[in-house]
2 protein chains.
Amino acid sequence: MTTQKSSAHDKAAVPDIVIGRLPIYLRTLTIFRNSGKDVTSSQELGEYLGISSAQIRKDLSHFGEFGKQGTGYNVAYLCKQLEKILKVDCVWPVLLVGAGHLGHALASYEGFENRGFRITGVFDSSQEKVGGQIGNLVVQPMDELNDFVSRQRCQIAIIAVPAEAAQNVANLLIKVGVKSILCYAPITLTLPPHVQVEYIDPVIHFQHMTFYLSKGCIDS
Amino acid sequence: MTTQKSSAHDKAAVPDIVIGRLPIYLRTLTIFRNSGKDVTSSQELGEYLGISSAQIRKDLSHFGEFGKQGTGYNVAYLCKQLEKILKVDCVWPVLLVGAGHLGHALASYEGFENRGFRITGVFDSSQEKVGGQIGNLVVQPMDELNDFVSRQRCQIAIIAVPAEAAQNVANLLIKVGVKSILCYAPITLTLPPHVQVEYIDPVIHFQHMTFYLSKGCIDS
DNA sequence: CGCCATTTGTGATACAGTACACAAATGGGG
DNA sequence: CCCCATTTGTGTACTGTATCACAAATGGCG
């Protein structure tokens, strides 16, 4: 998606591609709300996002009628509804594996909390990193994973380890019951079909972009 | 995509969605190659990626005939061809704005180089961060941006600054001639149509995933 | 040397996603 | 109180994408 995604969604009542746009609507509507805007229209939102107003209306229509003809949408109300639909009207605990530079950046990021997520545990296989402090979390050894998940009922995990280790980490996560994985390692994981995976790999985006650029790179 | 994308691609000879899959093929083929595999088939690659073999063949067919009937594809050869198509058979200089935790992680990441990219400059607006060392790079003040780009002819930039600052940074980047932006800030940028933008926002992925999860979150 | 299993590249076909266009509300202004 | 500009929600047409299915190569094996 840029980056990529893949998973197994069968209850195809609402197309997955529609679900994928809802978080973007929500993000923008939240900005609108925080800047004091009370109402908006599908047209305004669409112009802002580079999406047709019809698409936004149709997407929303899968879940109900949230607008008022002639007026548009109440921003705060629509935010709340989207949060409910996406189930982020609460905070989900997230487990992070990998305490390298990236793990640090993720664990220190303050933008998760008010969008529905909180990293509640950091794990690393390296003896050197275990015990280290990141924000108000302490890096734990991988052995603790099982106990941790059963205590926290953590369904979501981030993999922020080197590519070589990622598949093993994923297997472990599945074993302890994690349902959804966000993988930062530049590989495609092999996983049972009931587990959701999405990927973040900046190089995929770069390579997508360079296709459209005229070559002006450092000679290799 | 996951995360999101948006840009302006007019030479629609090859659908953009096809271009978007090529980097994934390349990434996997490179892994195949590095593990000593000489040939592969669209079926094997497809099973590995969870994509139909027909799709892979059709995607590749937009660019030529790279396989041999009965045998499949020479892995090293196909890698080279994909690298040429995506223009990553060389190293692109990339400019990084933002030297916070995320900027640090990106600037220290060693996985860019052998996939066609190198961060050659790091910039930050904060006086405290300017002058600091990250790997073998020194954080520069924003004023240096213009000179730097004209020296390096940098077409690609990463925005790794807080959401509030991102649009201003983007404007600046456009002004100095950057053509493609990878934005880590959780907002949608408003940019002229000739500029490519892609976004990375983990929360978008999380919210996509929670839709399919049964609610089991910390009470808010 | 001929057969068979394999695999590519691709036209035809089926499917999914987007855009269009309009009836039905809504509210403000004259 | 009525008219008009606005905007939603949605059935329909259209466009784009993925799948199917098969002819044409290929190479190994008997």
Side-chain angles (χ1 to χ4, degrees), chain A residues 1-2 4-22 24-25 29 32 37-75 77-78 81-82 85 208, chain B residues 1-2 4-22 24-25 29 32 37-75 77-78 81-82 85 208:
Chain A
M1 276 247 204
T2 67
Q4 323 102 59
K5 64 163 313 270
S6 88
S7 16
H9 308 135
D10 293 336
K11 54 159 165 173
V14 180
D16 182 63
I17 196 163
V18 172
I19 309 299
R21 280 190 293 262
L22 300 186
I24 300 172
Y25 300 160
L29 288 163
F32 282 3
K37 195 187 272 292
D38 283 331
V39 295
T40 188
S41 64
S42 59
Q43 185 172 20
E44 183 180 42
L45 185 57
E47 272 167 21
Y48 196 89
L49 293 175
I51 292 178
S52 83
S53 62
Q55 174 135 84
I56 294 173
R57 291 200 302 278
K58 183 147 266 190
D59 285 352
L60 295 177
S61 78
H62 284 100
F63 302 96
E65 309 197 352
F66 306 112
K68 200 180 277 180
Q69 288 165 331
T71 310
Y73 300 91
N74 178 299
V75 174
Y77 176 71
L78 187 51
Q81 293 306 308
L82 283 172
I85 293 166
H208 190 166
Chain B
M1 93 235 318
T2 84
Q4 324 102 58
K5 64 162 314 272
S6 88
S7 15
H9 307 135
D10 292 338
K11 54 160 166 174
V14 180
D16 183 64
I17 195 160
V18 172
I19 309 299
R21 281 190 293 261
L22 299 185
I24 300 173
Y25 300 161
L29 287 163
F32 282 3
K37 195 186 274 289
D38 283 332
V39 295
T40 188
S41 64
S42 59
Q43 185 172 21
E44 183 179 43
L45 185 58
E47 272 167 21
Y48 197 89
L49 293 175
I51 292 179
S52 82
S53 62
Q55 174 137 85
I56 293 174
R57 292 200 302 278
K58 182 148 266 188
D59 285 351
L60 295 177
S61 78
H62 284 100
F63 302 95
E65 309 196 352
F66 305 114
K68 200 179 278 181
Q69 288 165 332
T71 311
Y73 301 91
N74 177 300
V75 174
Y77 176 72
L78 187 50
Q81 294 305 308
L82 283 172
I85 292 166
H208 189 166

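Within the 4.0 angstrom heavy-atom criterion, no nucleotide atom of any strand lies near B:Leu60. A:Ser53 comes within 4.0 angstrom of nothing in the nucleic acid, heavy atoms only.
Distances shorter than 4.0 Å separate none of the side-chain N or O atoms of B:Arg57 from OP1 or OP2 on D:dC20. Under 4.0 angstrom from either OP1 or OP2 of C:dT26 there lies no side-chain N or O belonging to A:Thr71. Between A:Lys68 and the phosphate of C:dG27, there is a side-chain N or O to OP1/OP2 separation shorter than 4.0 Å. Side-chain N/O atoms of A:Ser52 include none lying less than 4.0 angstrom from OP1 or OP2 on C:dT18.
Rounded to whole Å, the distance from CD1 on B:Ile17 to P on D:dT15 is 18 Å. Atom P of nucleotide C:dG9 and atom CD1 of B:Ile56 are separated by 12 Å, given to the nearest angstrom. Atom CZ in A:Phe63 sits about 17 Å away from atom C1' in D:dT8, given to the nearest Å. The distance from atom NE2 of A:His62 to atom P of C:dA16 is 13 Å, rounded to the nearest whole Å. In this structure, B:Asp16 places its CG atom 16 Å from C1' of D:dA18, rounding to the nearest Å. Rounded to an integer number of Å, the gap from B:Leu45 CG to C:dT7 C1' is 14 Å. D:dG9 atom P lies 12 Å from atom CG of A:Asp59, rounded to whole Å. Distance CD (A:Glu65) to C1' (D:dT7): 13 Å, rounded to an integer number of Å.
If you check C:dG27, C:dG9, C:dC20 against the side chain of B:Tyr73, the one that comes closest is C:dG9. Here the nucleotide nearest the side chain of B:Lys58, chosen from C:dT26, D:dA18, C:dA12, is C:dA12. Set against C:dT26, C:dT7, D:dT17, the side chain of B:Gln43 has C:dT7 as its closest nucleotide. Nearest to the side-chain atoms of A:Ala54 among the listed nucleotides C:dG27, D:dG9, C:dC20 stands C:dC20. Taking every side-chain heavy atom of A:Ser61 into account, D:dG9 is the closest of C:dT7, D:dG9, D:dT17. Each of C:dT26, C:dT8, D:dC20 was ranked by its minimum atom distance to the side chain of B:Ser41; first place goes to C:dT8.
Between A:Arg21 and A:Ile56, every side-chain heavy-atom pair lies at or beyond the 4.5 Å cut-off. Taking the side chain as every heavy atom from C-beta outward, A:Ile51 and A:Tyr25 approach each other to under 4.5 Å. In this structure, the side chains of A:Asn74 and A:Asp38 stay at 4.5 Å or more apart for every pair of heavy atoms. Between A:Leu60 and A:Leu78 there is a side-chain heavy-atom pair separated by less than 4.5 Å.
Taking CD1 of B:Ile24 as the reference point, atom OH of B:Tyr48 lies at 13.0 Å (rounded to 0.5 Å).
When the nearest nucleotides of DNA chain C are assigned to A:Gln69 and B:Gly67 by heavy-atom distance, the more 5′-ward of the two goes with B:Gly67. Between B:Gln55 and A:Phe66, it is A:Phe66 whose nearest contact on DNA chain D lies nearer the 5' terminus.
Results of the side chain to side chain donor-acceptor pair (under 3.5 Å) test with A:Arg57 over A:Ser41, A:Ser42, A:Ser52 single out A:Ser42 as the only residue that passes.
A pairwise comparison of heavy atoms in A:Phe63 and A:Val18 identifies CE1-CG1, 4.4 Å as the closest pair.
Using five terminal pairs a side, the axes of the helix from C:dC1-D:dG30 to C:dG30-D:dC1 at its two ends make an angle of 0°, given in steps of 10 degrees.
Electrostatic pairing of A:Glu44 and A:Lys37 counts as a salt bridge here, judged by a charged N lying under 4.0 Å from a carboxylate O.
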